[in-house]
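Accompanying notes for the structure given below.
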Amino acid sequence: MIPGLMQPVPLQIIDILRYAARAHGSREVVSRLIDEPIWRYDYAGLAARAAQAAHMLRALGVGSGDRVTSLGWNTHRHLELFYAAPGLGAVLHTANPRLFDEQVAYTINHAESSVLLFDRNLLALVERIAPTLETVKTFVMMSDAERHDAGSVSALCYETLLAAQPDAIDWPTLNENAGAFLCYTSGTTGDPKGVLYSHRAVVLHAMAGGLASAFGFTPFDVVMPCSSLYHATAWGLPFAAPLCGAKMVLPGDKMDGASLHELIEAEGVTFTGGVPTIWTMYLTWLDAQGRTPGALKRVVIGGSAVPRAMAETFKRRYDVDVLQIWGMTETCPIGVVATPTPALAAQGEEALREAIWTRQGRLQFGIELRTVDDDGEDAPRDGETPGALLVRGPWTLERYYRHPQSAVDDDGWFDTGDVATLDELGFMRITDRKKDVIKSGGEWISSIDLENAASACPGVKIAAVVGIVHPKWEERPLLVIEAHDGANVTREQVLAHLTPLVAKWWLPDDVVFAAVPLTATGKIDKKVLRASFGDHYTKAPAQAV
Ligand code: ADP
């Protein structure tokens, strides 16, 4: 090898903010807070307060490699920690307040955090778990002094601590492979597992996220992340937006239609993103109010499959493009993004829409995809044959935090637990999670395809499909429908809607109407549904009276 002669400058997260403060210093950052007025500053202001936050963390004894936990919503204070903690060489563990108390405490103990910073309306949660926290020495409430409440944990006040600190700092030079963010999977099976993102992974992921083949931000964009900052760093938007000079709008913890619309309209939001349930609420609100979504041009949706009807409504009714993404905590999280290509465009507008509305996304530089059959042989890339989805690349995990064994095979492939098809244009379509596939009479039925078809039925708010033990067919699909408020949708209507859309043997044997439970990351909680309806096809029919 002949060594390259370029500068071996490490990729550091803080350099994204340093760049934004210099190149786009007056571009705004706007944040809704829990019960304080809307906060407004710019990237120069964010850089100054991130420096203050870093001094504050140092004063609380946080040093290189130490873990600190945030328990907060999408606010500017949380964003400041996104730069301050990794900037110092510490690791920010972004705990998920929607997990069960025991799981929140488990992740903080597992991370061995010394400081816990939390939003004011999470004080009760913090007080409940405090007795079980083994390593936290200091609690900080992310609040102004006026509304501060030390609670039973003697919390310090974020704004008071910050005010005492200088607004400039000499950020240390770090190893780009140092840990920066510790994000836990939501632990739907077993304890949550920690994924420790490195500076290098986060920076490369942010650069890739900004590309035109992914989110394609420009300094004229106004980006509002509605995916949670605590869930896989809000899909990297807090890094990709400043890296491209886009204005950032943070919606706090208010994701209802009216609150989102207020910001979308007042701040000129052009790009937003979040899980499908948020957009179901928003579309329902727009429809009920007869409003249109201002300057909004694109919505990135992922975390679970985007119902085709949702993408279609956004486009046809409001001329907003939906970009579906697929990813997971283990991939930082962007895996694929559904963006158009010339090869598709050449097939005409309808073919293009069809492809990007019905597939999870297209191959992106930086993450390789492969599907394999039960014997580990590559499945054909024909867009039809499903296989276990494996991924590999510089922002895919190698090993879970504090797990001794590797999480990947000898060639670095990580098994995602998803089942997918790949096609020759590089599009990937998830057909199911391995554990959710429905096995009926030896054949597979895709719960995602059924849900997608059912959710387009008028009156349906959420459609969930689970495989339920069946005396004859091993498993058969059961469709659980949560209807929109006031909608009068019936079993017969739903089945009549599905009949022309799916193979006859895929039709669910029954439809039940119930509230659909969601997990802490906004996915349909199929474990709960299976527990509730597990004997639906085997129980004795109710006796007539
Ligand atoms: P958790 O911690 O709940 O596992 P993740 O966000 O890491 O949370 O979940 C990743 C999983 O979410 C993927 O493996 C996949 O099953 C599902 N998922 C994410 N995006 C999509 C999508 N666009 N369509 C279908 N499933 C998706």
Side-chain angles (χ1 to χ4, degrees), residues 272-284 286-287 293 296 298-327 335-341 344-345 347-362 383-384 386 418-423 425 427-433 436 438 445-465 477 479-484 487 489 493-503 506-508 511 516 522-524:
T272 181
V275 293
T277 40
I278 294 176
W279 308 114
T280 303
M281 288 192 291
Y282 186 50
L283 286 175
T284 308
L286 282 178
D287 187 45
L296 191 64
R298 290 173 304 149
V299 186
V300 57
I301 311 181
S304 20
V306 178
R308 189 206 147 109
M310 176 178 284
E312 204 164 344
T313 307
F314 262 120
K315 183 66 189 172
R316 298 214 197 281
R317 220 157 146 196
Y318 304 113
D319 199 23
V320 170
D321 285 308
V322 165
L323 305 175
Q324 179 158 193
I325 59 165
W326 166 91
V336 298
V337 187
T339 42
T341 68
L344 262 181
Q347 297 172 17
E349 178 72 13
E350 277 310 304
L352 186 135
R353 293 267 157 250
E354 187 60 31
I356 59 180
W357 284 344
T358 59
R359 299 175 208 180
Q360 266 61 28
R362 194 165 176 277
E384 283 176 12
D418 286 324
V419 180
T421 64
L422 292 173
D423 72 18
L425 293 179
F427 277 94
M428 186 270 271
R429 198 169 74 85
I430 300 274
T431 57
D432 244 316
R433 266 196 159 179
D436 294 335
I438 302 166
I445 296 177
S446 159
S447 66
I448 292 185
D449 285 355
L450 275 177
E451 285 161 2
N452 215 324
S455 57
C457 178
V460 170
K461 185 171 167 198
I462 310 178
V465 174
L479 175 57
V480 183
I481 296 285
E482 181 174 328
H484 280 293
V489 55
Q493 282 167 348
V494 177
L495 290 176
H497 167 87
L498 281 180
T499 303
L501 300 177
V502 302
W506 277 37
L507 273 185
V511 181
V516 172
K523 298 182 212 305
I524 295 169

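Scope of the values below: all heavy atoms of this structure, side chains included, with no hydrogens, waters or symmetry mates. All values derive from a computational prediction rather than experimental measurement.
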Could you pull out the closest heavy-atom pair between V460 and S455, with the gap in Å? CG1-CA, 3.9 Å
Run V465 and I445 through side-chain contact (heavy atoms from CB on, under 4.5 Å) and show every step you take. CA-CA 10 Å; V465 174; I445 296 177; over 6 Å; no
If you round to the nearest 0.5 Å, how far is OG1 of T313 from CE of M310? 8.0 Å
Check whether any side-chain heavy atom of R317 sits under 4.5 Å from a side-chain heavy atom of D287, and report yes or no. yes
Going by an N to O cut-off under 4.0 Å, is there a salt bridge joining R353 and D321? yes
So, do R362 and V336 sit near enough that their side-chain heavy atoms are less than 4.5 Å apart? no
Nearest 0.5 angstrom please: S304 OG to I430 CD1, how far? 11.0 Å
Between N452 (side chain) and R308 (backbone), is there a donor-acceptor pair under 3.5 Å? yes
Heavy-atom pair with the smallest gap, counting every atom of S446 and D432: CA-OD2, 3.4 Å
Of the non-hydrogen atoms in A453 and V502, which two are nearest, and what is the gap between them? CB-CG1, 4.3 Å
CD1 of I301 to CZ of F314: how many Å apart, nearest 0.5 Å? 5.5 Å
Return a table of donor-acceptor pairs under 3.5 angstrom between the side chains of residues 274-283 and protein atoms on other chains or two or more places apart.
residue: W279; atom: NE1; partner: G274; partner atom: O; Å: 3.2
residue: T280; atom: OG1; partner: P276; partner atom: O; Å: 3.2
residue: Y282; atom: OH; partner: H261; partner atom: ND1; Å: 2.8

Main-chain N/O of V516 paired to E482 side chain as donor or acceptor, under 3.5 Å: yes
Are side-chain heavy atoms of L344 and Q347 found at a separation under 4.5 Å? yes
Test item: E451 and I524 side chains (from C-beta on) under 4.5 Å apart, heavy atoms: yes
Just by distance, do the side chain of K315 and the backbone of V322 share a donor-acceptor pair under 3.5 Å? no
To the nearest 0.5 angstrom, please state how far the OH atom of Y318 sits from the CG atom of L286. 4.5 Å
Show the nearest heavy-atom pair for residues V489 and P458, with the distance to one decimal. CG2-O, 3.9 Å
Sorted by chain and number, sequence neighbours left out, side chain to side chain contact (heavy atoms under 4.5 Å, CB included) with R429 holds for R359, Q360, T421, T431, D449
Quick check: do I356 and F427 have side-chain heavy atoms less than 4.5 Å from each other? yes
Check P508 against L450 and note the closest heavy-atom contact, atom names and distance. CD-CD2, 4.3 Å
For the residue pair L507 and P477, what are the closest heavy atoms and their distance? O-CG, 4.3 Å
Within this structure, what is the CD-CD distance for the pair E354 and E350, rounded to the nearest 0.5 Å? 8.0 Å
